[in-house]
Amino acid sequence: MSEIVTRFPPSPTGHLHLGGARTALFNFLFARHNRGKFILRFEDTDKERSKEEYVDSIIEALNWLGLHWDEGPYFQSKRLEIYEEYAKRLYSEGKAYYCECSKEELEAKRKAQLERGIKPHYDGTCREKGLPPGSGRALRIKIPEEITEIVFEDLLRGKIVFPPDEVDDFILLRSDGTPTYQFAVVIDDLTMGVTHVIRGDDHISNTPKQLMIYQALGAKPPQFAHIPMVLGPDGARLSKRHGARSILEYREEGYLPQAVLNYLARLGWGYGDQEYFNLKELIEKFDLSRVNLSPARFDPEKMLAFNAYWIKTLDSSEILKHLKPFLKSYPIEKYSEEYLKTILEGVKPRVKTLKEMAEMIDFYLLEEIELDEKAKEKYLTPKIKSLLERLIIDLDSLSFDDEKKLEEEFRALAEESGVKLKDLAQAVRVALTGKTISPPLFEVIKNLGKERVRIRLKKALEFIN
RNA sequence: GCCCCCAUCGUCUAGUGGACUAGGAUACUGGCCUCUCACGCCAGAGACACGGGUUCGAAUCCCGUUGGGGGCGCCA
């Protein structure tokens, strides 16, 4: 059996968003699972809207997700001669013809047809004119009259049948000589040896047109698998409002690529009761037969939950790698890699994003911490003053290396003073971290070390006075 | 308007004619754990869109209705 080849063909008219990323993921997984090839190709024949910056951002997003391609990126804009060649062939074989109808005329006719309640169609004005190529003329496919129905076997949905009037003599080459989407995809997929086209089901109705091109070319079409679209939380098409934001924005917000990937994979695909998968597992377990057919809504909350899961599950070294960009405002060069990894342990189960994580560990990294207003008013009270003083005096006798002992020592101190550990702990927590919420106190004390603890306790006392 | 696709808890899903008192995840509620907040654990509430068939038996198969989505460009 020949090698399986899939491709992801974004048009660089916008950033990579969730829907596109999922399509890329499914194509990537299918190729990898079958030890095939995954191609990246930019469909940039729309000169007006295609932008270089989008090419860059799409590439960056794919790399960030770890969706590496084996071939490409190709650019349709650089393959114009190829399309021309095939176009010429169709023209010379009488399977395509030139058309001189103006856009305005066509638009008017389309409107009229729509109003009359019939399916908009090119009326064939130029079909039999035998026009030679010329400026301002577009090349149209000549759909054979004997077509009765157009059928194809979708890998996921089985047989899909279209009535013959579903396709008209659509345009292959625009009047400026550039190929339309329909023509370019077909020629590209054909010449690149694409065997499986996995794309959103919004392309189902494009398929008959593309099949007509394959037929005119006498070529064998690839296999098609139309996956359901990703909708916004409200069930409407994904838009700027919800998930159409760039994948890179999620990176900015503190999402891990593992989480985004895992979440995306579970949108329209399931594997028994398993929820969490890393890339390797996805490659192992992914197969088209388990893809759902109904459109899936994007649920930001669930993606957040997945992110929290991966943050607490992944090794601290892996987390640290992704966290570093969020640590820019802290003097992290003062701390060893080991130290940074150690302090992450306590915060991992407490945050949902890397951004939150960076905020939560600030007291470990900053020389001077700021005490939260409400926190200090509530917990750093005169009542606790003598206890803190006592603590400072006792500092040298505390077991800074051992969380368990430290806790016992604190318990003893609290009991002796007739204070609940709870109250003592909160006061110390505020003194050391500036906040009422933090990793476990004794872990904090241990990681902070005696000197920083001393300084911060003194600061807290100053505040009480 | 015409054509196409789809239909299980709010959401993502498991389920491929009997193992279904319909399972898991997330979100929600209550409890446990506890130095805070989380995590974790336990419990609860919550769905087969509707109507007809087929069958000894339908969430599962067929038809229709309804609902949702998509397409009908010299956009992709």
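What you are looking at is a predicted structure, and each value in this text was computed from that prediction instead of being measured. Order of the sequence lines fixes the chain letters, A, B, ..., with proteins taken first and strands second; residue numbering starts at 1 for each chain.
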K.L.:
Give a yes or no on whether the backbone of A:S397 and the side-chain of A:D394 come within a donor-acceptor separation of less than 3.5 Å.
P.N.:
no
K.L.:
Quote, to the nearest angstrom, the P distance that separates B:G69 from B:U8.
P.N.:
14 Å
K.L.:
Which nucleotide sits closest to the side chain of A:R411: B:U13, B:U34, B:G73?
P.N.:
B:U34
K.L.:
Can you check the A:R297 CZ to B:G67 P distance for me, whole Å?
P.N.:
16 Å
K.L.:
NA contact type, A:R266, heavy-atom cut-off 4.0 Å: base, sugar-phosphate, or nothing?
P.N.:
base
K.L.:
Is A:E128 salt-bridged to A:K142, going by a charged N under 4.0 Å from an acidic O?
P.N.:
yes
K.L.:
In whole Å, what separates the C1' atom of B:A27 from that of B:G68?
P.N.:
23 Å
K.L.:
Assign each of A:Q274 and A:L114 to its nearest nucleotide of RNA chain B by heavy atoms, then name whichever residue's nucleotide is nearer the 5' end.
P.N.:
A:L114
K.L.:
Measure the distance from CG on A:D46 to C1' on B:A76 and round it to the nearest whole Å.
P.N.:
8 Å
K.L.:
Is a donor-acceptor contact shorter than 3.5 angstrom present between the side chain of A:D202 and the base of B:G71?
P.N.:
no
K.L.:
Return the pairing partner of B:A43 with a 3.5 Å limit on both distances, Watson-Crick or G-U wobble; otherwise return none.
P.N.:
B:U29
K.L.:
Taking atom C1' in both B:U60 and B:A14, compute the distance separating them and give it to the nearest angstrom.
P.N.:
13 Å
K.L.:
What interatomic distance, in whole Å, is found between P of B:A38 and the corresponding atom of B:G17?
P.N.:
45 Å
K.L.:
Atom CG of A:N262 to atom P of B:U13: distance rounded to whole Å?
P.N.:
13 Å
K.L.:
With a non-hydrogen cut-off below 4.0 angstrom, is A:T13 in contact with a base, only sugar-phosphate, or nothing?
P.N.:
nothing
K.L.:
So A:S294, base contact, sugar-phosphate only, or nothing? Heavy-atom distance under 4.0 Å.
P.N.:
sugar-phosphate
K.L.:
Between B:U34 and B:U11, how far apart are the P atoms? Round to whole Å, please.
P.N.:
38 Å
K.L.:
Is the distance from the ring center of A:F8 to that of A:W69 below 6.0 Å?
P.N.:
no
K.L.:
Using a 4.0 Å heavy-atom cut-off, does A:V161 contact any base of the nucleic acid, only the sugar-phosphate backbone, or nothing at all?
P.N.:
sugar-phosphate
K.L.:
Under 4.0 Å, heavy atoms only, any strand: does A:P9 hit a base, just the sugar-phosphate, or nothing?
P.N.:
nothing
K.L.:
Looking at every strand, decide which applies to A:P163 at a 4.0 Å heavy-atom threshold: base, sugar-phosphate, or nothing.
P.N.:
sugar-phosphate
K.L.:
Across all strands shown, which nucleotide pairs with B:A22 by Watson-Crick or G-U wobble geometry, both distances under 3.5 Å?
P.N.:
none
K.L.:
Is it possible for you to check whether A:R140 lies under 6.0 Å from the centre of the six-membered ring of A:Y98, through NZ or CZ, and within 45° of that ring's axis?
P.N.:
no
K.L.:
Between B:A47 and B:A7, how far apart are the C1' atoms? Round to whole Å, please.
P.N.:
12 Å
K.L.:
Would you mind telling me which of B:C35, B:C6, B:C4 lies closest to the side-chain atoms of A:F162?
P.N.:
B:C4
K.L.:
Look at all strands and tell whether A:R290 reaches a base, only sugar-phosphate, or nothing, counting heavy atoms closer than 4.0 Å.
P.N.:
sugar-phosphate
K.L.:
Roughly how many Å is it from CG in A:N206 to C1' in B:C3, rounded to a whole number?
P.N.:
13 Å
K.L.:
Checking contacts here: which listed nucleotide (B:A76, B:C5, B:G24) is nearest the side-chain heavy atoms of A:I204?
P.N.:
B:C5
K.L.:
Report which part of the nucleic acid A:S175 touches: base, sugar-phosphate, or nothing (heavy-atom distance under 4.0 Å, all strands).
P.N.:
base
K.L.:
Give A:I171 one of three labels, base, sugar-phosphate or nothing, depending on what nucleic acid heavy atoms sit under 4.0 Å from its own.
P.N.:
base
K.L.:
Look at A:E43 together with A:R41 and state whether they make a salt bridge at an N to O cut-off of under 4.0 Å.
P.N.:
yes
K.L.:
Give the rounded distance in Å between these two atoms: CZ of A:F277 and P of B:U13.
P.N.:
12 Å
K.L.:
Applying a 4.0 Å non-hydrogen cut-off, can you work out what A:G268 is touching in the nucleic acid: base, sugar-phosphate, or nothing?
P.N.:
sugar-phosphate
K.L.:
Between B:A25, B:G23, B:C39, which nucleotide has the shortest distance from any of its atoms to the side chain of A:E275?
P.N.:
B:A25
K.L.:
Using atom P of each nucleotide, how far apart are B:C9 and B:A59 to the nearest Å?
P.N.:
15 Å
K.L.:
Counting N and O atoms only, with roles assigned by atom type, does the side chain of A:E443 sit under 3.5 Å from a partner on the main chain of A:G346, one being a donor and the other an acceptor?
P.N.:
yes
K.L.:
Using a heavy-atom cut-off of 4.0 Å across all strands, would you classify A:S11 as base, sugar-phosphate, or nothing?
P.N.:
sugar-phosphate
K.L.:
Roughly how many Å is it from CD in A:E301 to P in B:U26, rounded to a whole number?
P.N.:
12 Å
K.L.:
Between A:R116 and A:K352, name the one whose nearest nucleotide on RNA chain B is closer to the 5' end.
P.N.:
A:R116
K.L.:
Side chain of A:A425, heavy atoms from C-beta onward: which of B:A27, B:C72, B:C35 has the nearest atom to it?
P.N.:
B:C35
K.L.:
Rounded to the nearest angstrom, tell me the gap between atom CG in A:L264 and atom P in B:A25.
P.N.:
21 Å
K.L.:
Quick one: is the NZ or CZ of A:K78 closer than 6.0 Å to the six-membered ring centre of A:F75, and within 45° of its axis?
P.N.:
yes
K.L.:
Under 4.0 angstrom, heavy atoms only, what part of the nucleic acid is A:P295 near: base, sugar-phosphate, or nothing?
P.N.:
sugar-phosphate
K.L.:
What integer distance in Å separates A:K109:NZ from B:G73:C1'?
P.N.:
15 Å
K.L.:
Any side-chain donor-acceptor pair under 3.5 Å between A:R429 and A:S438?
P.N.:
yes
K.L.:
Does the distance from a Lys or Arg side-chain N to an Asp or Glu carboxylate O, for A:E253 and A:K355, drop under 4.0 Å?
P.N.:
no
K.L.:
Please determine, for the side chain of A:A138, which listed nucleotide (B:A14, B:C74, B:A76) has the closest atom?
P.N.:
B:C74
K.L.:
Would you say B:A38 has OP1 or OP2 under 4.0 Å from some side-chain N or O of A:Y309?
P.N.:
no
K.L.:
Kindly point out which of B:G24, B:C35, B:C72 is positioned nearest to the side chain of A:K119?
P.N.:
B:C72
K.L.:
Strictly below 4.0 Å: does A:K312 bring a side-chain N or O up to OP1 or OP2 of B:G40?
P.N.:
yes
K.L.:
So, does the side chain of A:S205 form a donor-acceptor pair with the base of B:C72 at under 3.5 Å?
P.N.:
no
K.L.:
Quick one: the side chain of A:R157 and the base of B:C5, do they pair up donor-acceptor inside 3.5 Å?
P.N.:
no
K.L.:
Identify whether any heavy atom of A:Y271 sits under 4.0 Å from a base atom; if not, whether one sits that close to sugar-phosphate; answer base, sugar-phosphate or nothing.
P.N.:
nothing
K.L.:
Taking the same atom, C1', in B:C61 and in B:G15, what whole-Å distance lies between them?
P.N.:
15 Å
K.L.:
What is the pairing partner of B:A7, taking Watson-Crick or G-U wobble pairs with both distances under 3.5 Å in any strand?
P.N.:
B:U66
K.L.:
Cation over ring, A:K209 on A:F170, under 6.0 Å and within 45°?
P.N.:
yes
K.L.:
Which nucleotide in the list B:C35, B:C4, B:C12 gets nearest to the side chain of A:K302?
P.N.:
B:C12
K.L.:
Please name the nucleotide paired to B:C2 by Watson-Crick or G-U wobble geometry with both distances under 3.5 Å, or report none.
P.N.:
B:G71
K.L.:
Once you apply a heavy-atom cut-off of 4.0 Å, does A:Q182 come out as touching a base, just sugar-phosphate, or nothing?
P.N.:
base
K.L.:
Which of the following nucleotides, B:C6, B:C12, B:C35, is nearest to the side chain of A:A296?
P.N.:
B:C12
